[in-house]
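Predicted model, so just to flag it, every value in this text is computed and none were measured. Numbering starts at 1 and runs along the sequence shown.
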Amino acid sequence: MTAGQADALQRLWPKWGLDIDGQRIVDLGELFGNENPVVLEIGFGMGEATAQMAAADPETNVLAVDVHTPGQGNLLNLADQRGLNNVRVANGDAIILLREMLAPDSLDGLRVYFPDPWPKKRHHKRRLIQPEFLSLAATRLKPGALVHCATDWEPYAEQMLEVLTGHPDFENTRADGGFAPRPDFRPLTRFEGQGLDKGHVVNDLLFRRVQP
């Protein structure tokens, strides 16, 4: 962790940080200081794309979850430098956050960009995008909320498409039922650019929470 990241964590965590302890329901209006829509981002790496998207859409609040301490410090630092008041950083398990700390119908969107693909077959059960996870997420997402996933691991992309397509709480925004082109609002990250240079194919999936 760099000195700048450590400094940002120390200075800004009391104001913009959230520890996932499963002990209370978070009042998102209180957390952000307004009643704007809230999107949950799970796994943000070093936070560059998160900060870019937050800057481009200041009327949308972003609750960004990760366990990577340098990344947390980096995102807080970026938000501070750019004067972003619509980013909050949560540390801990996103499942506990969803299950224990977020109210039903409290989220306007969910972003999962480049999650760990767990490429070995025996580890596939550790992948985040599974039917049980989607069922939990559906209870916290408002009808019409957008679920946006992206991965450069093609077998995982196929599994994501299969699982999301088969889930009754979600529908593909693509009429052809396939992958979506990268939308303009998702910036190209350095990590993604490196993958593309190596010939990786990046697939985006855009699904909506259907009306129950």
Side-chain angles (χ1 to χ4, degrees), residues 18 20 22 24-32 34-44 49-50 53-54 56-66 86-90 92-117 125-151 153 156-187 202-212:
L18 174 68
I20 298 173
R24 63 191 172 97
I25 299 289
V26 177
D27 183 329
L28 293 174
E30 189 180 300
L31 181 69
F32 286 95
N34 59 56
E35 297 300 324
N36 288 345
V38 178
V39 170
L40 177 65
E41 181 172 350
I42 298 177
F44 55 80
T50 309
M53 292 176 76
D57 186 8
E59 300 303 309
T60 295
N61 295 324
V62 181
L63 178 54
V65 187
D66 211 310
N86 59 333
V87 176
R88 298 293 180 270
V89 179
D93 187 335
I95 303 292
I96 294 172
L97 176 67
L98 279 164
R99 193 177 59 222
E100 313 288 348
M101 298 180 69
L102 293 177
D105 293 345
S106 58
L107 296 174
D108 294 82
L110 173 66
R111 297 171 183 160
V112 183
Y113 299 154
F114 305 99
D116 194 325
K125 61 182 179 291
R126 298 185 189 179
R127 289 175 172 173
L128 181 64
I129 305 301
Q130 307 274 7
E132 304 78 25
F133 170 77
L134 292 175
S135 294
L136 171 62
T139 64
R140 303 299 182 249
L141 289 163
K142 294 174 184 172
L146 193 67
V147 174
H148 185 191
C149 302
T151 179
W153 191 258
Y156 194 8
E158 296 289 350
Q159 184 201 331
M160 286 181 179
L161 183 61
E162 184 181 330
V163 170
L164 276 158
T165 301
H167 201 287
D169 293 330
F170 297 96
E171 65 182 6
N172 200 333
T173 62
R174 294 279 299 173
D176 62 7
F179 297 110
R182 178 177 67 84
D184 291 340
F185 61 77
R186 182 175 76 73
V202 175
N203 285 297
D204 283 74
L205 301 95
L206 289 163
F207 278 71
R208 279 200 194 286
R209 168 78 166 100
V210 298
Q211 194 84 31

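The side chain to side chain contact (heavy atoms under 4.5 Å, CB included) check on Pro143 picks up Asp105, Gln211, Pro212, with sequence neighbours excluded. Partners of Arg99 under the side chain to side chain contact (heavy atoms under 4.5 Å, CB included) rule, at least two apart in sequence or in another chain, are Ile95, Ile96, Leu136. Partners of Asn34 according to the side chain to side chain donor-acceptor pair (under 3.5 Å) rule, which considers only residues two or more places apart in sequence or in another chain, are Asn61.
Under the 6.0 Å distance and 45° angle rule, Arg186 counts as a cation-pi partner of Tyr113. In this structure, Arg208 fails the cation-pi test against Phe170, since its NZ or CZ atom is not both closer than 6.0 Å to the six-membered ring centre and inside 45 degrees of the ring normal.
Across all their heavy atoms, Trp153 and Pro117 have their closest contact at CG-CB, 3.6 Å. Nearest heavy-atom pair, Thr50 versus Ala64, reported as atom, atom and distance to 0.1 Å: CG2-CB, 4.1 Å. Across every non-hydrogen atom of Ala145 and Gly109, the tightest pair is CB-N, 4.0 Å. In this structure, Ala157 and Asn203 approach most closely via the heavy-atom pair CB-ND2, 3.7 Å. In terms of heavy-atom proximity, Gly29 sits nearest to Asp27 at N-OD1, 3.0 Å.
Put simply, the side chain of Arg140 gets close to the backbone of Leu98: a donor and an acceptor are under 3.5 Å apart. Judged by distance alone, the side chain of Ser106 and the main-chain N or O of Leu102 form no donor-acceptor pair under 3.5 Å. In this structure, the side chain of Thr173 engages the main chain of Leu206 through a donor-acceptor pair within 3.5 Å. Side chain of Tyr156 to backbone of Phe114: no donor-acceptor contact under 3.5 angstrom is found. The closest donor-acceptor contact from the side chain of Arg209 to the backbone of Gly144 lies at 3.5 Å or more, if one exists at all. Listed for the Asp66 side chain is a donor-acceptor partner under 3.5 Å among the backbone atoms of Phe44.
Here Leu205 contributes atom CG and Glu158 contributes atom CD; the two are 9.0 Å apart, rounded to the nearest 0.5 Å. If you take CZ on Arg88 and CG on Leu40, they are separated by 14.5 Å, rounding to the nearest 0.5 Å. In this structure, the separation between CG on Asp204 and CZ on Arg182 is 8.0 Å, given to the nearest 0.5 Å. In this structure, the separation between CD1 on Ile42 and CG on Leu63 is 9.5 Å, given to the nearest 0.5 Å. Here the CG atom belonging to Leu107 is positioned 6.5 Å from the CG atom belonging to Leu28, to the nearest 0.5 angstrom. Going from atom CD1 of Ile20 over to atom CD of Glu100 covers 11.5 Å, rounded to the nearest 0.5 Å.
Checked against the 6.0 Å centroid threshold, His167 and Phe207 do not count as a close aromatic pair.
Leu110 places none of its side-chain heavy atoms less than 4.5 Å from the side chain of Val39. Within the 4.5 Å cutoff, the side chain of Leu97 has heavy atoms near those of the Leu18 side chain. Under the 4.5 Å side-chain criterion, counting only non-hydrogen atoms from C-beta, His148 is in contact with Phe185. Side-chain contact between Arg127 and Pro115 is absent, with no heavy atoms from C-beta onward closer than 4.5 Å. Proximity of Leu134 to Val163: side-chain heavy atoms (C-beta onward) are separated by under 4.5 Å at one or more points. Residues Lys142 and Pro37 are not in side-chain contact: their nearest non-hydrogen atoms beyond the backbone lie 4.5 Å or more apart. Using a 4.5 Å cut-off on side-chain heavy atoms (C-beta onward), Thr139 and Pro104 make no contact.
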### Task
Give the C-alpha distance, both sets of side-chain angles, the deciding distance and a yes or no for side chain to side chain contact (heavy atoms under 4.5 Å, CB included) between Thr151 and Ile129.
CA-CA 11 Å; Thr151 179; Ile129 305 301; over 6 Å; no
### Query
Given Val62 and Arg111, is the side chain to side chain contact (heavy atoms under 4.5 Å, CB included) satisfied, shown in steps?
CA-CA 10 Å; Val62 181; Arg111 297 171 183 160; 3.9 Å; yes
### Query
So Asp108 and Thr60, side chain to side chain contact (heavy atoms under 4.5 Å, CB included) or not? Walk me through it.
CA-CA 9 Å; Asp108 294 82; Thr60 295; over 6 Å; no
### Query
Hey, mind stepping through Leu164 and Asn172 against side chain to side chain contact (heavy atoms under 4.5 Å, CB included) and telling me if it holds?
CA-CA 8 Å; Leu164 276 158; Asn172 200 333; over 6 Å; no
